[in-house]
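Below is one structure; the comments refer to it alone.
Sequence positions, counted from 1, serve as the residue numbers for this chain. What you see is a predicted model, and the numbers here were worked out from it, not measured in a lab. Ligands are counted one by one from 1 in listed order, and the atoms in each one are counted from 1 as well.
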Amino acid sequence: MTDQEVPVLTIDGPSGAGKGTVSRLIARRLGWHFLDSGAIYRALAWAVQARGIPADDERAVARVAAEMALEFKCDDGVQVWVDGEEVTRCLYTEECGRMASRIAAFPKVRRALLEKQRAFRQPPGLVADGRDMGTVVFPDAPFKVFLDASLGERARRRFLQLKSQGLDVNLDQIIKDLEQRDRRDRERKEAPLIPAEDAVVIDSSEMSVEEVTEKILALLPRKLKAPPGATDSR
Ligand code: DC
């Protein structure tokens, strides 16, 4: 199987639409690899900060993007190493997300990360979660989803998630942060957050994780849904 023949399911959408949870579940169900592309931008944000590089220096940030050694392990959760150091716990703070969104607007940075993301396309298949998976990174992917949800619902989910981690959170602040991040991700010139022309748009505002998962799996042909050695009992 050449790289181009490896099936890819892209799941793009704004922060908090549930892409991460759903993508991971689907990858596990299919026995496919999983790319959390946001974690790559977050890992870069961490590396830039750790090296004391100004976040507005596009050239220097792109150099770090090209040079950093990234390692991912995706089992139940994602674990990430940058230059041999485990950084997983640092990546999912609001601050790291904000910084990732800022440096992700630089065209040179996006170009430097393109091949690192495409390298995840390995047999038997890939579920790719992000903002531009279906439009830029894997434009030839045979299955594309754009997962959306209302701002209020996305903020509510983020609030509950952070609260369950014991963090002191404020719903109004989360709404403001999400609005700002949405604007930056949607309005940037390079690879803005928009549905690919051939993507199926799903609004998850009033759907459970299980409902979204089933709806997406229904888009795939039956023969792809049984990982080697598994029996499809559905
Ligand atoms: O999905 P996330 O919240 O972990 O992503 C963090 C930021 O990284 C997001 O605000 C924008 C950027 N990003 C991107 O520009 N392109 C992607 N494919 C994934 C993330």
Side-chain angles (χ1 to χ4, degrees), residues 8-24 27 33-49 55 58 61-62 64-65 68 70 72 74 77-80 82 87-121 126-139 141 144-149 151 154-155 157-159 161-162 165 174-196 199 204:
V8 180
L9 164 64
T10 61
I11 304 186
D12 289 308
S15 297
K19 293 171 289 138
T21 311
V22 166
S23 304
R24 211 166 295 147
H33 299 281
F34 169 54
L35 166 61
D36 175 357
S37 60
I40 295 187
Y41 286 93
R42 286 170 186 266
L44 176 60
W46 180 88
V48 162
Q49 232 165 9
E58 176 172 1
V61 176
V64 179
M68 69 177 179
L70 260 184
F72 271 75
C74 303
V78 174
Q79 268 181 293
V80 186
V82 176
V87 297
T88 318
R89 275 199 305 141
C90 317
L91 300 189
Y92 294 97
T93 61
E94 293 300 289
E95 193 198 345
C96 194
R98 219 170 308 149
M99 170 107 160
S101 167
R102 276 179 64 194
I103 58 177
F106 293 141
K108 286 189 173 58
V109 168
R110 302 200 74 84
R111 237 163 284 145
L113 293 178
L114 203 51
E115 289 312 316
K116 284 191 199 308
Q117 296 173 85
R118 289 186 175 151
F120 280 77
R121 190 173 193 170
L126 174 69
V127 180
D129 155 0
R131 304 290 187 289
D132 61 341
M133 298 293 100
T135 49
V136 176
V137 182
F138 302 108
K144 297 183 186 177
V145 169
F146 189 87
L147 190 58
D148 211 344
L151 177 66
R154 289 188 287 125
R157 290 175 191 169
R158 176 83 73 191
F159 176 79
Q161 183 193 16
L162 295 173
Q165 293 165 7
I174 292 179
I175 293 177
K176 269 196 211 123
D177 277 355
L178 276 180
E179 268 178 328
Q180 201 178 33
R181 189 113 69 92
D182 279 1
R183 204 171 316 120
R184 209 165 20 216
D185 293 348
R186 288 184 207 269
E187 292 178 1
R188 68 180 176 223
K189 285 213 178 67
E190 188 91 359
L193 171 64
I194 41 161
S204 75

I'd like the atom pairs linking ligand 1 to the protein - N or O on both sides, separation under 3.5 Å - with distances to 0.1 Å.
residue: ligand 1; atom: 1 (O); partner: R131; partner atom: NH1; Å: 2.9
residue: ligand 1; atom: 1 (O); partner: R131; partner atom: NH2; Å: 3.4
residue: ligand 1; atom: 3 (O); partner: R42; partner atom: NH2; Å: 2.9
residue: ligand 1; atom: 3 (O); partner: R131; partner atom: NH2; Å: 3.3
residue: ligand 1; atom: 3 (O); partner: R181; partner atom: NH1; Å: 3.3
residue: ligand 1; atom: 4 (O); partner: R42; partner atom: NE; Å: 2.6
residue: ligand 1; atom: 4 (O); partner: R42; partner atom: NH2; Å: 3.3
residue: ligand 1; atom: 10 (O); partner: R181; partner atom: NH1; Å: 3.2
residue: ligand 1; atom: 10 (O); partner: D185; partner atom: OD2; Å: 3.0
residue: ligand 1; atom: 15 (O); partner: R110; partner atom: NH1; Å: 2.8
residue: ligand 1; atom: 15 (O); partner: R110; partner atom: NH2; Å: 3.4
residue: ligand 1; atom: 15 (O); partner: R188; partner atom: NH1; Å: 2.9
residue: ligand 1; atom: 15 (O); partner: R188; partner atom: NH2; Å: 3.0
residue: ligand 1; atom: 16 (N); partner: R110; partner atom: NH2; Å: 3.0
residue: ligand 1; atom: 18 (N); partner: S37; partner atom: OG; Å: 3.0
residue: ligand 1; atom: 18 (N); partner: R131; partner atom: N; Å: 3.1
residue: ligand 1; atom: 18 (N); partner: D132; partner atom: OD1; Å: 2.9

### Message
Given 3.5 Å as the limit, does a donor-acceptor pair link the side chain of T88 with the main chain of V80, or not?
### Response
yes
### Query
Which pairs, with at least one residue in residues 88-109 and sequence neighbours excluded, count as a salt bridge (Lys or Arg N to Asp or Glu O under 4.0 Å)?
R98-D177
### Query
Residues in ring-ring contact (aromatic ring centres under 6.0 Å, His included) with F72, at least two apart?
F120
### Query
What residues, two or more places apart in sequence or in another chain, satisfy side chain to side chain contact (heavy atoms under 4.5 Å, CB included) together with L114?
R118, V136, V137
### Message
If only side-chain N and O atoms count, and only distance matters, is there a donor-acceptor pair under 3.5 Å linking S15 with R131?
### Response
yes
### Any donor-acceptor pair under 3.5 Å from R42 side chain to C96 backbone
no
